[in-house]
There are 2 protein chains.
Amino acid sequence: MTGQVRTVDGRVAGRRGQATRQKLLDCLSEMLSSSPYRDVKVIDVARKAGTSPATFYQYFPDVEGAVLEIAEQMAAEGAGLTDVLAERSWVGKAGWQAAQELVDGFLEFWRKNDAILRVVDLGAAEGDKRFYKIRMKILNSVTNSLTDTVKDLQDKGKVDKDVNAAAMAGSLVAMLASVASHQKGFSTWGVKQAELKPNLALLVHLGITGKKPTK
Amino acid sequence: MTGQVRTVDGRVAGRRGQATRQKLLDCLSEMLSSSPYRDVKVIDVARKAGTSPATFYQYFPDVEGAVLEIAEQMAAEGAGLTDVLAERSWVGKAGWQAAQELVDGFLEFWRKNDAILRVVDLGAAEGDKRFYKIRMKILNSVTNSLTDTVKDLQDKGKVDKDVNAAAMAGSLVAMLASVASHQKGFSTWGVKQAELKPNLALLVHLGITGKKPTK
DNA sequence: CGGTAAGCTGACGGCATGACAGGACAAGTG
DNA sequence: CACTTGTCCTGTCATGCCGTCAGCTTACCG
């Protein structure tokens, strides 16, 4: 299904090739964490990986292409977000707990992968299809799960019918993502992480169930 | 207050100088709307402005510097967001209206300035102080106003005391900003703008007042 | 051991960067 | 009108990154 890993000029990559390819990706990842996206140069990545720029171009069309690759890996292995939500009840105290754990898991996931995520976010915001597809892929597990939850509650008559489940879920997820990327901004602003989380959880709970949580 | 406009090498810019400087900024703005941030080159901006790269470097240290300048202008002139909220009541039907108008105004503002805003967002997410200061400046009017509203409702006993007003306001604003940048993402996802807005307004209302709106 | 494909790199033309010195230009002065 | 002054712009240049190619080295296989 995944197909073989191929070089730009069509050869199939063998063991050694895949290793250098991966090393390049790792180094790129590191670079993205330590310097602004705009200043990440192919030559630096190559140097850091102990190889030459030409090698980089053998495996990736450009920096963007490599970033997409990293994001793809993250989306694949990083089920990360999936299990945060599996089959949870949103009624009563369990609901409050679900909201809290969702927030926790989400922020943690974002913190771990912030460098790539903000590049993906930029690409998506710029309207690049490849980027917003992968962004969706990453957020899908959470968004879909939340959407289903809302629909479910609507069927049971616990949530107003005029709520658009997908829009609500998407908005909440967007909020979490945005807050996660700008945590530093919040703290200079005088809001500590510890204070932030319960408020986010509260908003999530309000959004999903329409009611204040019972704690 | 603003001080004189100065060139990089310290001279004060006269009438003609300010004009070309502004032209460069305008062209940069356009460029940012039409091509990815990473690919915006000084030479292109200069060409578009009918001048040379050397001229660009006379007025700005680099592309980042110029972007900050544009953002600063936007923050200054673009009170834009301020009047969306002036002295509004959040009780009863008025509250629902306030929420709707806030969402409307916010999305509109973002749509108008999306190109610069997403670059500012990136800079802020990357931890650049200059960028997140200006981001705060832009969002401050709304955030502060919302914060005050929440505090006010808390004083009147209408909102739980354990809500952190600033965290709540900040989170809601972050949500609006994020959704605004990714509207295209939402639409490929099957959620139309018209459906999005009321849901955002609902969330804002829930967050601020803790209650469902009376429509 | 020879053939084949994978893997890597030196080298190169092309282009962007960023600095400088000097020319063009407007405005004020005697 | 010539002269001065200070602003404004650009030609040019050294430097460095980009992206490609030909060609060399290495690994694998019969």
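Numbered from 1 within each chain, the chains take letters A, B, ... in sequence-line order. All of these numbers come straight from a predicted model, not from anything done at the bench.
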ring-ring contact (aromatic ring centres under 6.0 Å, His included) against A:Phe106, all qualifying residues, sequence neighbours excluded = A:Trp110
request  = To the nearest 0.5 angstrom, please state how far the CZ atom of A:Arg47 sits from the SG atom of A:Cys27.
outcome  = 12.5 Å
query = Which pair of non-hydrogen atoms, one from A:Val150 and one from A:Ala165, has the smallest distance, and what is that distance?
reply = CG1-CB, 3.7 Å
note = Only residue of B:Val45, B:Leu68, B:Val119, B:Val42 satisfying side-chain contact (heavy atoms from CB on, under 4.5 Å) with B:Val63 is B:Val42
key: Those residues that, when tested against A:Phe131, pass ring-ring contact (aromatic ring centres under 6.0 Å, His included) (two or more places apart)   = none
remark   = The side chain to side chain contact (heavy atoms under 4.5 Å, CB included) partners of A:Glu108 (sequence neighbours excluded) come to A:Arg111, A:Lys112
Inter-residue atom distance A:Met168.CE - B:Leu202.CG, 0.5 Å rounding = 4.5 Å
task = Report the C-alpha separation of B:Glu64 and A:Arg38 in whole Å, then their side-chain angles, then the decisive distance to 0.1 Å, and conclude whether the salt bridge (Lys or Arg N to Asp or Glu O under 4.0 Å) test is met.
result = CA-CA 10 Å; B:Glu64 269 199 355; A:Arg38 204 165 189 285; over 6 Å; no
For residues 190-201 of chain B, please give each side-chain donor-acceptor pair under 3.5 Å, one per line with the distance, not counting sequence neighbours.
from	atom 1	to	atom 2	distance (Å)
B:Gln193	NE2	B:Gln183	OE1	2.2
B:Glu195	OE1	A:Asn164	ND2	3.4
B:Glu195	OE1	B:Lys192	N	3.0
B:Lys197	NZ	B:Asp104	OD1	2.9
B:Asn199	OD1	A:Asn164	N	3.2
B:Asn199	ND2	B:Glu195	O	2.7

key: For B:Lys133, all residues meeting side chain to side chain contact (heavy atoms under 4.5 Å, CB included), sequence neighbours excluded   = none
ask   = What distance separates B:Leu176 CG from B:Leu102 CG, expressed to the nearest 0.5 Å?
value = 6.0 Å
request  = Going by the side-chain contact (heavy atoms from CB on, under 4.5 Å) test, name the single residue among A:Asp152, A:Val159, A:Val204 that passes it with A:Trp90.
outcome  = A:Val204
Nearest atoms (heavy-atom pairs only) where A:Ala125 meets B:Arg118 = O-NH1, 3.5 Å
key: Bend angle of the helix from C:dC1-D:dG30 to C:dG30-D:dC1, end axes from five pairs each (to 10°)   = 10°
key: chain B footprint on DNA chain C, 5' to 3' - any atom under 4.0 Å from a heavy atom   = C:dA16 to C:dC20
task = Look at all strands and tell whether B:Thr7 reaches a base, only sugar-phosphate, or nothing, counting heavy atoms closer than 4.0 Å.
result = nothing
query = In residues 21-52 of chain A, which residues come under 4.0 Å of DNA chain C by heavy atom?
reply = A:Thr51, A:Ser52
query = What pairs with A:Phe60 under ring-ring contact (aromatic ring centres under 6.0 Å, His included), at least two apart in sequence or on another chain?
reply = A:Phe56
Donor-acceptor contacts under 3.5 Å from residues 10-25 of chain A side chains, at least two apart:
from	atom 1	to	atom 2	distance (Å)
A:Arg11	NH1	A:Asp9	OD2	3.2
A:Thr20	OG1	A:Arg16	O	3.4
A:Thr20	OG1	A:Gly17	O	2.9
A:Arg21	NH2	A:Glu69	OE2	3.0
A:Gln22	OE1	A:Gln73	NE2	3.2
A:Gln22	NE2	A:Asp26	OD1	3.1

Members of residues 53-71 of chain B that approach DNA chain C, where some heavy atom sits under 4.0 Å away = B:Ala54, B:Tyr57
query = Where along nucleotides 24-29 of chain D does protein come under 4.0 Å, by heavy atom, of base (B) or sugar-phosphate alone (S), with - for untouched nucleotides?
reply = ------
